[in-house]
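Read the numbers this way: they start at 1 and go in the same order the structure lists the ligands and their atoms.
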Amino acid sequence: MRIDVLTLFPQMFDGPLSESIIKRAREKGIVEIELHDIREYSTDKHKRVDDYQFGGGAGMVMMIEPIAAAIESLKAQREYDHIIYMSPDGQTLNQQTANRLSLSGNIILLCGHYKGIDQRVRDHYITDEISIGDYVLTGGELAACVVIDSIVRLIPGAISDEESALTDTFQDGLLSAPIYTRPAVYNGWGVPDILLSGHEANIEKWREEQAYERTKQLRPDLYEKIKSPSEGKK
Ligand code: ADE
């Protein structure tokens with residue numbers, strides 16, 4: 001998979017894309033992530049990338065020319081499955097979207113800044129708009145990092161124990177059961193006996209019950225969508 005990121009602030013990606021699982025996935029060649037500074041595509045002698053809004057109003061708007069030049073240059077080199085604009089107006093990211101995007105070959109992530117981008121970019125180039133939540137960030141960069149992280153960890157080989165991505169919270173629409181590790185007792189606080197019983201089938205059943213119970217308590221909105229088989233019959 002290849003991810004091209006268009007941004008005015010490439011350095012904002014330094015930390016998140018060069019640590020841990022994403023770092024390893026890049027080193028292993030599982031994902032190629034290229035950062036492109038939109039300013040380099042400006043033909044303006046001062047390298048301007050933004051201008052005032054037509055019709056007036058507060059806030060600068062990112063101009064179409066440098067963004068279009070960057071996208072056209074990438075599209076001339078390969079085909080893209082998705083050209084995504086990070087925006088609070090977009091569809092809210094969830095596990096299903098991350099799963100779907102992780103199956104892509106090549107994607108572009110466009111990060112906006114200031115008031116936003118010229119609408120014509122959205123109308124003529126963008127295939128998807130993604131938000132990471134109902135709040136406004138200073139730009140799309142942090143949101144793009146979240147999208148990249150959520151999809152790269154799903155690519156086979158990115159996580160050593162592939163099982164662990166499949167059993168993530170949300171993969172089956174449920175939160176995960178509580179997890180514990182050594183010591184079995186800390187400060188007088190034990191762990192559920194069942195987890196020390198060695199009885200795999202009972203442990204599996206306990207985890208499933210816990211997942212339903214936690215989802216019901218903590219995320220009733222998710223629980224409504226996927227009631228436990230026994231609850232459904234009531
Ligand atoms: N850019 C600014 N705010 C954003 C958000 N909530 N999600 C995605 N991109 C954004």
Do Arg2 and Tyr80 come within less than 4.5 Å of each other through their side chains, counting heavy atoms only? yes
For atom 3 (N) of ligand 1, what is the nearest protein heavy atom, given as residue, atom name and distance? Leu137 N, 3.0 Å
Could you find the nearest protein heavy atom to atom 6 (N) of ligand 1 and give me its residue, atom name and distance? Tyr135 O, 2.8 Å
Cut-off 3.5 Å, side chains only: do Arg39 and Tyr41 have a donor facing an acceptor? no
Tell me: protein heavy atom nearest atom 10 (C) of ligand 1, and distance? Pro88 CD, 3.6 Å
Can you tell me which portion of Ser131 lies within the under-4.0 Å heavy-atom range of ligand 1? Options are side chain, backbone, both, or neither. both
List the closest protein heavy-atom neighbour of atom 7 (N) of ligand 1: residue, atom name, distance to the nearest 0.1 Å. Ile132 N, 3.0 Å
Just jot down the ligand 1 atoms closer than 4.0 angstrom to any heavy atom of Gly133, in number order. 6 (N)
Check whether Arg26 reaches the backbone of Ile33 with its side chain - one donor and one acceptor, N or O, closer than 3.5 Å. yes
For the pair Arg214 (side chain) and Ser176 (backbone), establish whether a donor and an acceptor sit closer than 3.5 Å, ignoring hydrogens and angles. yes
Between the side chains of Asp128 and Tyr85, is a donor N or O closer than 3.5 angstrom to an acceptor N or O? no
Quick one: does Ile130 get within less than 4.0 Å of ligand 1, heavy atoms only? yes
Considering only NZ, NE, NH1 and NH2 on the basic side and carboxylate oxygens on the acidic side, decide whether Asp89 and Arg122 come within less than 4.0 Å. yes
Do the side chains of Asp81 and Arg100 get close enough for a salt bridge, i.e. N-O under 4.0 angstrom? no
Closer than 4.0 Å to some heavy atom of Gly139 - which atoms of ligand 1 meet that? 1 (N), 2 (C)
Identity and distance of the protein heavy atom lying nearest atom 9 (N) of ligand 1: Ser87 N, 3.2 Å
